[in-house]
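Worksheet: the structure to be examined is printed underneath.
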Amino acid sequence: MTGILRPYDPPILAGLARGQTVRLIAKTTGNPYRTVNSRVYSLIRRAEVPNAARLVDVAYRQGWLARLSPEPRPALSLSGRRAEVLHGLAAGRTNAQIARDLGVSEQTVEFHLKGLYRALRARNRSHAVALGHQHGHLLPSATARLPRERTVAAAH
């Protein structure tokens with residue numbers, strides 16, 4: 001397969017979207033930990049994104065996770081700050097970057113992250129982004145650009 005995705009990438013993306021650790025993804029796919037770890041970092045490099053949370057966001061926006069069924073969660077609305085923090089996670093921002101963007105302290109961002117994880121029942125940043133997409137908190141925008149990131153069509 002040419003382009004960004006390799007045949008072994010979908011189960012890795014699905015694992016990241018489910019909040020699994022690299023060790024658990026390795027166990028469920030039957031691959032050695034070092035192989036899966038290398039493949040995660042390789043996919044991040046190929047997608048030209050800073051981290052796994054941004055990778056999951058791009059994967060949803062590109063339709064790479066379209067077949068992954070949503071995890072059941074009760075409907076909820078996120079407070080303004082929690083929604084802003086979630087968008088920061090999806091953009092691949094660090095806590096310090098999110099704090100600067102919002103004009104708050106890192107401690108305040110960490111407070112909102114804990115509340116966000118609790119509200120979504122998310123295990124980590126990637127899982128929060130996936131749940132944000134699955135439950136309508138992160139909607140693809142017509143104006144959303146993926147800086148320096150290629151689409152699947154452009155990668156062929």
Side-chain angles (χ1 to χ4, degrees), residues 3-6 8-22 24-25 28 36 39-155:
I4 293 176
L5 292 183
R6 305 284 189 265
Y8 49 77
D9 289 334
I12 291 172
L13 282 171
L16 292 172
R18 293 290 191 221
Q20 295 178 350
T21 63
V22 171
L24 185 54
I25 295 169
T28 58
V36 173
R39 288 176 176 175
V40 168
Y41 284 106
S42 174
L43 182 53
I44 287 170
R45 278 191 311 275
R46 282 183 273 127
E48 298 179 12
V49 295
N51 53 43
R54 178 66 175 143
L55 178 62
V56 169
D57 179 61
V58 169
Y60 271 100
R61 291 179 188 278
Q62 296 296 327
W64 300 340
L65 289 169
R67 293 185 181 170
L68 187 65
S69 60
E71 295 180 54
R73 295 289 191 276
L76 65 99
S77 62
L78 297 176
S79 69
R81 281 297 190 202
R82 287 182 184 170
E84 290 171 334
V85 169
L86 179 60
H87 280 85
L89 295 180
R93 311 285 282 162
T94 65
N95 289 359
Q97 291 169 324
I98 295 169
R100 269 193 312 277
D101 294 345
L102 300 179
V104 298
S105 71
E106 269 188 79
Q107 187 176 10
T108 300
V109 170
E110 290 168 10
F111 171 79
H112 288 301
L113 269 176
K114 285 179 186 177
L116 178 66
Y117 289 168
R118 194 173 33 256
L120 294 174
R121 296 188 334 232
R123 294 180 192 92
N124 54 39
R125 295 167 95 85
S126 300
H127 194 214
V129 169
L131 291 168
H133 275 284
Q134 292 172 16
H135 298 284
H137 301 292
L138 292 170
L139 300 175
S141 167
T143 60
R145 287 203 62 234
L146 304 177
R148 299 187 57 219
E149 297 161 357
R150 300 166 288 175
T151 62
V152 174

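At least one donor-acceptor pair under 3.5 Å links the side chain of Asn124 to the backbone N or O of Gly19. Although no hydrogens or angles enter the test, the distance criterion places no donor-acceptor pair under 3.5 Å between the side chain of His135 and the main chain of Leu131. Between the Gln62 side chain and the Ala59 main chain, no donor and acceptor come within less than 3.5 Å of each other. Using modelled atom types, one side-chain atom of His87 and one backbone atom of Ala83 make a donor-acceptor pair closer than 3.5 Å.
Legend: residues meeting side chain to side chain donor-acceptor pair (under 3.5 Å) with Ser42, ordered by chain and number and at least two apart, are Arg46. Take Ala17 and apply the side chain to side chain contact (heavy atoms under 4.5 Å, CB included) test, not counting sequence neighbours, and it matches Val56, Tyr60, Leu65, Leu68, Ala130. Residues passing the salt bridge (charged side-chain N to carboxylate O under 4.0 Å, His left out) test with Arg93 are Asp101, sequence neighbours excluded. Residues forming a side chain to side chain donor-acceptor pair (under 3.5 Å) with Thr28 (at least two apart in sequence, or on another chain): none.
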Would you list the atom pairs, donor with acceptor, under 3.5 Å between side chains in residues 72-82 and any protein atom, with sequence neighbours excluded?
{"unit_1": "Arg73", "atom_1": "NE", "unit_2": "Leu120", "atom_2": "O", "d": "2.7"}
{"unit_1": "Arg73", "atom_1": "NH2", "unit_2": "Glu71", "atom_2": "OE1", "d": "3.3"}
{"unit_1": "Arg73", "atom_1": "NH2", "unit_2": "Arg121", "atom_2": "O", "d": "3.0"}
{"unit_1": "Ser79", "atom_1": "OG", "unit_2": "Arg82", "atom_2": "N", "d": "3.3"}
{"unit_1": "Arg81", "atom_1": "NH1", "unit_2": "Glu84", "atom_2": "OE1", "d": "2.9"}

Give every donor-acceptor pair under 3.5 Å between a side-chain atom in residues 107-115 and any protein atom, sequence neighbours left out.
{"unit_1": "Thr108", "atom_1": "OG1", "unit_2": "Ser105", "atom_2": "OG", "d": "3.0"}

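Of the inter-residue distances, the one linking Leu13 atom CG with Trp64 atom CH2 reads 7.0 Å to the nearest 0.5 angstrom. With rounding to the nearest 0.5 Å, the separation of CG in Leu86 from NE2 in His133 is 8.0 Å. The CG atom of Asn51 sits 7.0 Å away from the OG atom of Ser126 when rounded to the nearest 0.5 Å.
Looking at heavy atoms from C-beta onward, Arg123 lies out of side-chain contact with Tyr117 at the 4.5 angstrom threshold. Side-chain contact between Leu89 and Leu116 is present, with at least one heavy-atom pair separated by less than 4.5 Å. A 4.5 Å side-chain heavy-atom check between Val85 and Leu102 finds at least one atom pair inside the cut-off.
A cation-pi contact links Arg39 to Tyr8, judged by a cut-off of 6.0 Å to the six-membered ring centre and 45° from its axis.
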Start with the C-alpha distance between Leu43 and Ile4, add both sets of side-chain angles, then the distance that settles side chain to side chain contact (heavy atoms under 4.5 Å, CB included), and finish with yes or no.
CA-CA 7 Å; Leu43 182 53; Ile4 293 176; 4.1 Å; yes
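With respect to the salt-bridge test (charged N to carboxylate O, under 4.0 angstrom), the residues Arg6 and Asp9 do not qualify.
Heavy-atom minimum distance, Val129 versus Ala53: CG1-O, 3.7 Å. Pro50 and Gly92 get closest at one heavy-atom pair: CG-O, 3.8 Å. Residues Leu16 and Ile25 share a closest heavy-atom pair of N-CD1, 3.7 Å.
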